[in-house]
There are 2 protein chains.
Amino acid sequence: MKVTINDVAKHAGVSMKTVSRVINKEPSVRKKTYDIVMQAVKELNYQPNTAARNLAGTSSFAIGLVYDNPNAYYIIDMQNGVLSRCKEEGYELVIHPCSASDPDMQQEIATMIQRSRLAGLVLTPPLSEQKHIIQMLDDLGITYVRLLSGQNNDPEKEQGSTAEHRHNNCIYVDDYAAAYEITEHLINLGHKTIAFACGDAEHKSTTERLAGYKQALDDNQLEFNDALVYGGTYSFESGVEGAKALLKNNNESGITAILGGNDEIAAGALFASRLMNIAIPEQLSISGFEDSPFSRQTWPKLTTAHQANSVISEHAARLLFSKTRGSRSHDKDIITTFTPSVVIRESTGPAPK
Amino acid sequence: MKVTINDVAKHAGVSMKTVSRVINKEPSVRKKTYDIVMQAVKELNYQPNTAARNLAGTSSFAIGLVYDNPNAYYIIDMQNGVLSRCKEEGYELVIHPCSASDPDMQQEIATMIQRSRLAGLVLTPPLSEQKHIIQMLDDLGITYVRLLSGQNNDPEKEQGSTAEHRHNNCIYVDDYAAAYEITEHLINLGHKTIAFACGDAEHKSTTERLAGYKQALDDNQLEFNDALVYGGTYSFESGVEGAKALLKNNNESGITAILGGNDEIAAGALFASRLMNIAIPEQLSISGFEDSPFSRQTWPKLTTAHQANSVISEHAARLLFSKTRGSRSHDKDIITTFTPSVVIRESTGPAPK
DNA sequence: TTAATTTTTGACACCGGTATCATAAAATAT
DNA sequence: ATATTTTATGATACCGGTGTCAAAAATTAA
């Protein structure tokens, strides 16, 4: 029933080590031998036993994906992107949802790494931003890749000694640029009083998006007003609350557009507007951020910044693999900075007079 | 740095086999010995190496979760439920998204099982309903649990010989009852012309929900009308199309309520109503099914049938473990049939006169 | 108290690969 | 053609646990 490397070796008339070489695509195997072995592999339908490889090898054929993020769409995209690369490389994926509020989190991650002898880790925000996690991974000496909000400027310069400053293992999403772009879109529509309903303050993405928004205002001679910024979380409920707070007293601030920290916030704002009988986009424009499927399922559909999460995570995995194995993959194919692009739908329109 | 079972054995002054017994909670270890070993485990912070256990043991300490379902919320819940049980049991989870349209799917699943020597598999619909998959798993002799739509009636009677008829490895969601309940809710609100926007026809859940709907109509002396059933898919877009089709020609059929096959369909119907300037719930009631977070983020919020996906999947994992290991867990704690319960929100209301 | 039985524990051979290093074969130089 | 270098292959010792079976210790019976 189950075929082992020895069966293949016998069938092909070579040693088991040669079979091992072939399936691991090691160099220095003659073309002819390679073909013979592959033939045997096919004929016997041989599947290398993961456990055995993991045990015998220096590191296992598995990587981990760690996340602390309640956004289902985001997570699924992350998983799928990483999985597709894993499949390509013949690796397994160990997923690890966790919660920053859990005091054992750090220990748990360490345990997981140790038990499964993971070859590497992909960290998504906001975990990827936490110093103590990074510190721990460095202490453990494990390879990892971080998904971050920001830009990968001056890579040479950034090769700092401390982990937080070493940026050659990061994939960036340029939220700053995207927020700038989307704010500009609103400005171009004639909006002058644009509010921003932020996500969690601790997330780097919030800071970045806020900065991009500010810069866009500034570059267009619009004054930044602190009262137009609502600090919340990346959730629908926060969007509802945010919109209510921003538009209080019959919109005394004269807001004509709200930039949502993400699609959920925007959807919440949409919901609140509905409650307050505000027509979108005639009386108020609302934009989201991320372009999750969600943004196409609201009324009206959301203008947002498209973020190709599964592509991003696939590249994160690519980068990770380029660091673990003898970098079989070409680092050059790896994109390390992604900039979401504005997708215009029906939730934004010309500013009312 | 890394602690092995031998280190623990030495530290505790016992043989490595005894340590193995302790960490596997095997019987016939004296309390005193057990304590000594556990003490050593703690002191050294020993983590058993998964790969080694998998290799040496009869089956590996990992189970698989296979799904072909585009619904992110659903998948995340499934994963989390199964994961929580895995954590409890010290197992790993191998996730495997796949697509029925992929001709290699079956082979891929077989490969995964073989490579990772999975101890078992949890199958979610619609994969869990496909005969050829079940057949294959049986041929492979692997343990699995299926999540199905239906009821677990007459368990004794059902112990048929063919896999499709063996139902002691299934967890049921009673969509029939839930659909009945939700339809009745609409009827009680005075609705007499209730449409049903179905999900994918091949899904058992569609058949079940439809049957429950029909029965409720019947029990309340309302005639079933084929023209009021729209056959679509479990997607937002389908909900939009479905509502448009059902309400065509200025709602010539006089529909006052639409039962959505799931929340996404309902959200789509909501969207379409908006397009057609139909007020919800004043002119038309719409209900969803599943109670995904989604149903709380539409306007108005959806009346729906709450389905505790993460609990369901946790029980699926429970059931699986009860079959794989020496059934350490008590089968009696396992619920095998779940009935979603109606959650009333704002998308349904009294029928218009 | 000793024999018989049951419960605990340990020695050791695997599980199915990879890593190392020696050896054989092929390519190149002399 | 032979010596030398390079490249391809194989023998064998692990990796860190589990399973088997026999030995030792603890219980119970006689």
(request) Tell me, please, which residues at least two apart from Tyr73(A) pass ring pair (Phe, Tyr, Trp, His ring centres under 6.0 Å). (result) Tyr73(B)

Taking only nitrogen or oxygen atoms into account, show me every contact under 3.5 Å that the protein makes with nucleotides 13-16 of chain C, one pair per line with its distance.
from: dC15(C); atom 1: O2; to: Ala56(B); atom 2: N; distance (Å): 3.4

(request) Say whether, by atom type as modelled, one donor and one acceptor occur between the side chain of Ser60(B) and the main chain of Asn54(B) under 3.5 angstrom. (result) no

(request) Tell me, please, which residues at least two apart from Ser15(B) pass side-chain hydrogen bond (donor to acceptor under 3.5 Å, both in side chains). (result) Thr18(B)

(request) Tell me, please, which residues at least two apart from Lys42(B) pass side-chain hydrogen bond (donor to acceptor under 3.5 Å, both in side chains). (result) none

(request) Tell me, please, which residues at least two apart from Thr33(A) pass side-chain hydrogen bond (donor to acceptor under 3.5 Å, both in side chains). (result) none

(request) Only counting residues at least two apart or in another chain, list the ones meeting side-chain contact (heavy atoms from CB on, under 4.5 Å) with Pro97(A). (result) Tyr67(A), Asn80(B), Leu83(B)

(message) Could you check whether any side-chain N or O of Asp7(A) sits under 3.5 Å from a backbone N or O of Thr4(A), counting only pairs where one atom can act as donor and the other as acceptor?
(response) yes

(message) Under a 3.5 Å cutoff, is there a donor and acceptor pairing between the side chains of Thr111(B) and Gln107(B)?
(response) yes

(message) Would you say Thr18(B) places a side-chain N or O within less than 4.0 Å of OP1 or OP2 belonging to dG10(C)?
(response) yes

(message) Based on the rotation axes of five pairs at each end, what angle does the helix from dT1(C)-dA30(D) to dT30(C)-dA1(D) bend through, to 10°?
(response) 30°

(request) Using modelled atom types only, decide if a donor and an acceptor are shared between the side chain of Arg318(B) and the backbone of Ile334(B) within a distance under 3.5 Å. (result) no

(message) The criterion is ring pair (Phe, Tyr, Trp, His ring centres under 6.0 Å); which residues satisfy it with Phe338(A), sequence neighbours excluded?
(response) His315(A)

(message) Just to verify, what does Arg115(B) make a side-chain hydrogen bond (donor to acceptor under 3.5 Å, both in side chains) with, not counting sequence neighbours?
(response) Gln47(A)

(request) Just say parallel, tilted or perpendicular for the rings of Tyr91(A) and Phe61(A), cut-offs at 30° and 60°. (result) tilted

(request) Taking heavy atoms of chain B and a 4.0 Å limit, find me the 5'-most and 3'-most nucleotide of DNA chain D within that range. (result) dG16(D) to dA26(D)

(message) So if I take residues 28-37 of chain A and measure heavy-atom distances to DNA chain D, which residues fall below 4.0 Å?
(response) Ser28(A), Val29(A), Arg30(A), Thr33(A)

(message) From NZ of Lys17(A) over to C1' of dC21(C), roughly how many Å is that when rounded to an integer?
(response) 11 Å

(request) Mind checking side-chain contact (heavy atoms from CB on, under 4.5 Å) for Asp77(B) and listing every partner two or more places apart, or none if nothing turns up? (result) Asn309(B), Ser310(B)

